[in-house]
Protein chains: 2
Amino acid sequence: MSARPRVVIVGGGFAGLDAARGLRSADVAITVVDRHNHHVFQPLLYQVATASLSPGDIASPIRWILRRQTNVSVLLADVRSIDLDRKCVVLDHDEHLPYDYLVLAPGATHSYFGNQQWSDYAPGLKTLDDALTLRRRMLLAFEEAERESDANRKRHLLTFAMIGGGPTGVELAGALAEIARHTLRQEYDAIDPGSARILLIEAGPTILPSFPQTLRDAARRALRKLGVEVWENAKVTGVEQESLRLGTDHVAAHTIIWAAGVAGAPVGRSLGVPVDRAGRVIVRDDLSVPGHPNVFVAGDLAGFTHQDGNQLPGVAQVAKQQGRHAAANIRRRMAGTATVPFRYRDPGNMATVGRAHAIADFGWARASGFLGWLLWLFVHVMFLVGFRNRLSVLLQWGASYTTYQRSVRLITGTSTSPPSEIRPADGRSSDGTSH
Amino acid sequence: MSARPRVVIVGGGFAGLDAARGLRSADVAITVVDRHNHHVFQPLLYQVATASLSPGDIASPIRWILRRQTNVSVLLADVRSIDLDRKCVVLDHDEHLPYDYLVLAPGATHSYFGNQQWSDYAPGLKTLDDALTLRRRMLLAFEEAERESDANRKRHLLTFAMIGGGPTGVELAGALAEIARHTLRQEYDAIDPGSARILLIEAGPTILPSFPQTLRDAARRALRKLGVEVWENAKVTGVEQESLRLGTDHVAAHTIIWAAGVAGAPVGRSLGVPVDRAGRVIVRDDLSVPGHPNVFVAGDLAGFTHQDGNQLPGVAQVAKQQGRHAAANIRRRMAGTATVPFRYRDPGNMATVGRAHAIADFGWARASGFLGWLLWLFVHVMFLVGFRNRLSVLLQWGASYTTYQRSVRLITGTSTSPPSEIRPADGRSSDGTSH
């Protein structure tokens, strides 16, 4: 294996996986490094967060996904920095991973626009753990409200605020409204889950700015029909424990979710090359790092400006194409031929709004409502990794659509502190907290 | 609602649910209280722990299970104690829940035979959180071993010890062996998962003492064929961090699981009535608490001695029948008729050993091997709550059987500490731990 060029791919997301696959038949030794052992189908994270799907439905072990590819090995590790001079990736435990070619695809993290402290009160939704934490908080909010006698506190518990009117915020708001207005409605006595306030707060003039006007309007109508309060031109100026500030206005909300800004993963800065305002590495048009033709950046960390002058959005389709393109350019460099500039082929854009409504923009055609939802369903199921996941997810959605039931409404992660063992001496329980 | 007798059921497990259902048509106001919002199908917990099934496959929200029963409401709360004199259940937040009839069915917890400190190093498997913690530990053990250069440390990481040779220990050991010897085998380079040591340690003379001799032997053979080391007459005298003591022997094991003793939930002692050595409340033959004919105990907390002098085991079948019987006796007391003693109808006993092998004892008939496994499959699927769960679980098992793949091999709960946001000033990542 020592004679073959070593390719290190940082990140097992859409870009990293497609880069690995793109080198399937190349004579290289690939190592894929990720801090998680699984690949997450991020577009459906909001469904895990709203108890519609299980983590297992949208995630698969990276080792399992790449099991048939013989030239790749997988490492579970945290990448601390990239040493471009020594050509190695620095991991946790001070381990060094040397490379001949590098594809840096660690994705994005949340940006709080300089207000790091807000992250304690308004978590984001980028990983499975984020989704499970949100699910837990949401379900507990209803349970606590059921036991709460103070009317104001009850209303506060039943207020959910989504900050950011892009697809993530819209999809979360829609799904939350469905669960409150339909799924949970019959199951509580002291509260009416249908009276929950769901706020979608967007600083700019409109939600879903990346969609054409007609589809934005369709989405806004659908959200309002579900009872979501859509606030546009509403800039959040402060986030505290269970409370938001918009200028002089204060809003008390037990659950606040951040879907407003992303930034390139911090490891991008360790390269020491220019990054844009959102922390994305400014790449050359062949996706390589200026001055380092063997190092490529793909996915959400890549700050790529298209020929038309627009920055590419951080969506799955872009990441997959860039991953594949980086792999192709590595093969070209190995063969001694010139690399080719990246050209994005936009397959379209979609977002769901509630249970059976979606907007879909394919450029030459648009759809909204139930038809849009069928298209969305088809596309997402086909892109899921693994046949069993597809069947399982179709099963869940089929059941949800016909019955409104959310089958994964489990509060895990210790709702209360259980006692762990009897103490024979005094007979009282010992309270132990568990993970 | 105030005129109707109030029935409080503590616990939404097998006994509590069947007690609630048994009062479906009674003119009562029922409150089911549980510290978790979901009912777990405990017999399959080991499959969540070994990454074969998702939590959502074996658990359902209690509210959802009881949604069609109009005389029941559900409360998520921790029960601190029972005040028999004032006839109320004391909850967390100092809330008091008065009752006219009480069914106490909180289940069992782990007993470390007086060595409470062992619980830090040898957790048990009673809740979904237990299962997810174990799954995480198991998967991380393989990942860490892959990166470990020291041979002893590597062997230590790949050693798994199950303390307790009852069905739980046997099923866990078998499932772990399958995952190491088959599922993970192809996916690692630096380690051979198949070389993992899996120890099943039983203090008594034989594993599975509740099964007839021929079936015990069949199980032992199947375990050994899977490479499990079955240690009988092996009494654990000490448990420390990643290490076991058996008299003068020391065994280093990164993962130690306790499946050796259970005790009635601590709330049982708060009754102030006699309990047996395992903390179970000694009930009268109609399942009521001596001196308190309106209070019943059902399930793992009930210390019930059958006519033949044997104590009933803490298994699902016993809990379900007792729950139903307690409900029937409540109806009799409401009607002013005499209560009836409980009689257990033993439907049989089963345990799996690995992927497609099980032992099944129906008294008049026994089965082992593949046939035993088909029977086990059928029984467990039928008893799962909810059609969608049944279909989903059948799907998972069908795929596992044909492909050996474990689809839920996800490490969640933060394998490493991810940076939370870029600090523009110094460019270094900030490490934040998440839940």
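Quick note on labels: first sequence line is chain A, next is B, and so on, each numbered from 1. Remember, predicted model here, so these are calculated numbers, not experimental data.
- No donor-acceptor pair closer than 3.5 Å links the side chain of B:Glu146 to the backbone N or O of A:Leu75.
- Only the side chain of B:Ser54 comes within contact range of chain A, with at least one heavy atom under 4.5 Å from a heavy atom of that chain.
- Considering only heavy-atom pairs separated by less than 4.5 Å from chain A, the leading option among B:Lys126, B:Arg147, B:Gln186 is B:Arg147.
- The shortest side-chain heavy-atom distance between B:Leu128 and B:Ile58 falls under the 4.5 Å cut-off.
- A salt bridge does not link B:Asp189 to A:Arg63: none of the charged nitrogens lies less than 4.0 Å from a carboxylate oxygen.
- A:Leu139 touches chain B through its side chain: at least one heavy atom from C-beta onward sits under 4.5 Å away, while N, CA, C and O do not.
- A heavy-atom distance below 4.5 Å is not found between the side chains of B:Val33 and B:Val74.
- Residue A:Val40: no heavy atom, backbone or side chain, is found under 4.5 Å from chain B.
- Proximity of a side-chain donor or acceptor of B:His39 to a complementary backbone N or O of B:Gly12 within less than 3.5 Å is detected.
- Heavy-atom distances place no part of A:Glu144 under 4.5 Å from chain B, backbone and side chain included.
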